[in-house]
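To keep things clear, I will list the structure first and then write my remarks on it.
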Amino acid sequence: MNIMSTLMISCRKASELVEKNNFEPLSFSDKMKLKIHTHICKTCTAYGQQSQLLEQLLNEHFGEHSSKYVNQANNEELKTKIISEIEHAS
């Protein structure tokens with residue numbers, strides 16, 4: 001197995017690393033894999049930018065690292081609130 005096949009990851013894995021990076025620092029290996037992938041894949045680059053924007057907006061609205069604390073019990077309440085806000089904005 002050569003080094004490029006080791007460093008190449010799928011879009012699915014890239015999106016997992018993007019989300020993981022919101023909660024904890026990535027290992028050097030994962031950072032490199034994500035960097036190589038996003039250099040090639042503009043869709044995943046856009047996904048990463050959107051993820052960062054969403055995380056920033058959540059932090060502004062709910063506080064620093066709020067998405068860590070959204071658990072299963074709060075999901076229905078949060079879902080209802082988001083739908084209400086979307087309907088209200090329309």
For this session: Nearest 0.5 Å please: distance from the CD1 atom of I40 over to the NZ atom of K35.
Result: 13.0 Å

Exercise. Is it the case that one hydrophobic cluster holds both I82 and L58, taking links as side-chain heavy atoms less than 4.5 Å apart, direct or via other members?
Worked result: yes

Seminar exercise, completed: Rounded to the nearest 0.5 angstrom, the CG-CG distance for L17 and L34 is 5.5 Å

Problem set entry | Atom of L26, atom of N21 and distance for their closest heavy-atom approach | CG-OD1, 3.7 Å

Problem set entry | Derivation of the side chain to side chain donor-acceptor pair (under 3.5 Å) call for Q56 and E60 | CA-CA 6 Å; Q56 177 186 346; E60 288 173 7; 3.1 Å; yes

For this session: Take N22 and E19 through the side chain to side chain donor-acceptor pair (under 3.5 Å) test and state the conclusion after the steps.
Result: CA-CA 5 Å; N22 286 333; E19 296 305 323; 3.3 Å; yes

For this session: To the nearest 0.5 Å, tell me how far E55 CD sits from L53 CG.
Result: 10.5 Å

Problem set entry | Any donor-acceptor pair under 3.5 Å from T38 side chain to T45 backbone | no

Exercise. Could you give the distance from CD (E16) to SG (C11), rounded to the nearest 0.5 Å?
Worked result: 11.5 Å

Exercise. For the hydrophobic clusters of this structure (ILVMFWY residues joined by side-chain heavy atoms under 4.5 Å, transitively), does one cluster hold both I83 and L54?
Worked result: no

Problem set entry | Atom of V18, atom of G48 and distance for their closest heavy-atom approach | CG1-CA, 3.8 Å

Seminar exercise, completed: C44 and H37 have their tightest heavy-atom pair at SG-NE2, 3.2 Å

Exercise. How many angstroms lie between atom CG of L57 and atom CD of Q52, to the nearest 0.5 angstrom?
Worked result: 12.0 Å

